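Take a look at the structure set out below.
Letters A, B, ... mirror the listed sequences (proteins, then strands); counts begin at 1. Not measured: the values here are computed from a predicted model.
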Protein chains: 2
Amino acid sequence: MSPKVTPGLAQMQPPATLQEALHVAGRRLTPQRALILSVLHQVDGHLDAEGIHSLAQHHYPGLNLATVYRTLAVLKEMGLVEQRYFARDHKREYYEAVGKREHYHATCLGCGKVIEVETPRIRQAQRELSENSGFVFVHACVCFEGYCAECAQARSQDAGEGEAGADGA
Amino acid sequence: MSPKVTPGLAQMQPPATLQEALHVAGRRLTPQRALILSVLHQVDGHLDAEGIHSLAQHHYPGLNLATVYRTLAVLKEMGLVEQRYFARDHKREYYEAVGKREHYHATCLGCGKVIEVETPRIRQAQRELSENSGFVFVHACVCFEGYCAECAQARSQDAGEGEAGADGA
DNA sequence: ATGCTTGCAAACGCTTTGCAGTATG
DNA sequence: CATACTGCAAAGCGTTTGCAAGCAT
């Protein structure tokens, strides 16, 4: 690793915990790993590998996309990061640091915004299904699609005005 | 189209409805399209493009995978077919003819089996969330992962015997 | 000093697309 | 007969991997 790391990177994340967690897993703490995790913690939003990569590059220009992917795999395996999918198009993987309350995501088909939603119904569904089928649930991938309040309103107005087919499917 | 079509293909699907539906959409009925839809109806299971392709090739050896993809896109757009994802690994798209009752899927991490589950909780969640957020839900992608009754039992037995780490996590 | 990590670039797997010939309505 | 559709092959896209050099411990 030759490119200079911006000062301040060192204190960005590692509360010594990461160091330790990695060590237990037989892995090493590197500036890249610390940085990537810190980016995920700072931007509490939802980033894909490329988003993480470009944000992280502000601090660490030499960072390679492959390293981002590999680091995400490690952090995921260690349970520090979760991988999610948004919207119907699941081509792209998104990542999110763990620690927040259980939540799911809803993507607005109008503005693309992703909002987080909380509901106990998914768990409830799993509990109920488990009871009468014996299936043991480990994970649920849930992503909602629709229109946020604003876009929904805008659309209903458009529909009223144009009347010719402003609506798209 | 030169390869011979197996006799019987003609009657396989087109209840004249497909023909009509396609026509309305400004499209044409081709043996490929009829076949692909019929495959999806016959195998009520869950197929990816390649699965559809190889099944369909029994009847139509010349069928090209690209045609399968294009046809699926058309049928999806016409609302005759739904595209789904299974398990956490969403690399691959699966397709399913519409018409069945609303259901979701649970993939067994042990044997790979995909079972269909019905639950009103997803709808309920959407209804509730919609009420207090104004979000208008259009679609929900839900896929469960876990262990089917059999695999779950097998795993718990293994865990009891080995005791050294038969569990994989 | 040991070997886990990184950067680079090539490979991968699934899906999409450009093009010229073909068949449908 | 116009043109939507197909087969073929190549491109696309996000993600993964082999390899040699480079760090962390």
>> OP1 or OP2 of dG7(D) versus the side-chain N and O atoms of Gln32(B): is any pair under 4.0 Å?
In response: yes
> OP1 or OP2 of dT6(C) sitting under 4.0 Å from any side-chain N/O of Asn64(A)?
Replying inline: no
Counting side-chain heavy atoms from C-beta on, which of [options] comes nearest to [X]?
X        : options                  : result
Thr30(B) : dT25(D), dT6(C), dT6(D)  : dT6(D)
His23(B) : dT15(D), dG25(C), dT6(D) : dG25(C)
Thr67(B) : dG7(D), dT6(C), dT24(C)  : dG7(D)

Closer than 3.5 angstrom, by distance alone: can the side chain of [X] be matched with the main-chain N or O of [Y] as a donor-acceptor pair?
X         : Y         : result
Arg27(B)  : Val74(B)  : no
Ser130(A) : Arg127(A) : no
Arg121(A) : Arg123(B) : no

Can you tell me the distance, in whole Å, between the [atom1] atom of [X] and the [atom2] atom of [N]?
X        : N       : atom1 : atom2 : result
Lys91(A) : dC13(D) : NZ    : P     : 13 Å
Ile36(A) : dG7(C)  : CD1   : C1'   : 13 Å
Glu50(A) : dC13(D) : CD    : P     : 10 Å
Ile52(A) : dT15(D) : CD1   : C1'   : 13 Å
Leu65(A) : dT6(C)  : CG    : P     : 13 Å
Tyr94(A) : dT15(D) : OH    : C1'   : 14 Å
Asp89(A) : dT16(C) : CG    : P     : 9 Å

>> Taking the basic N atoms (NZ, or NE/NH1/NH2) and the acidic carboxylate oxygens, is any pair closer than 4.0 Å for Lys76(A) and Glu82(A)?
In response: no
> Does a side-chain N-to-carboxylate-O contact under 4.0 Å join Glu93(B) and Lys91(A)?
Replying inline: yes
> Hey, which of these two, Leu22(B) or Ala66(B), hits DNA chain D nearer its 5' end, going by closest nucleotide?
Replying inline: Leu22(B)
Can you pull every protein N or O that's under 3.5 Å from an N or O on nucleotides 1-3 of chain C?
residue : atom : partner  : partner atom : Å
dG3(C)  : N2   : Arg28(A) : NH1          : 2.5
dG3(C)  : N3   : Arg28(A) : NH1          : 3.3

> Looking at residues 70-85 of chain B, who's got a heavy atom less than 4.0 Å off DNA chain C?
Replying inline: Arg70(B)
> Relative to the ring of Tyr85(A), is the ring of His90(A) parallel (under 30°), tilted (30 to 60°) or perpendicular (over 60°)?
Replying inline: parallel
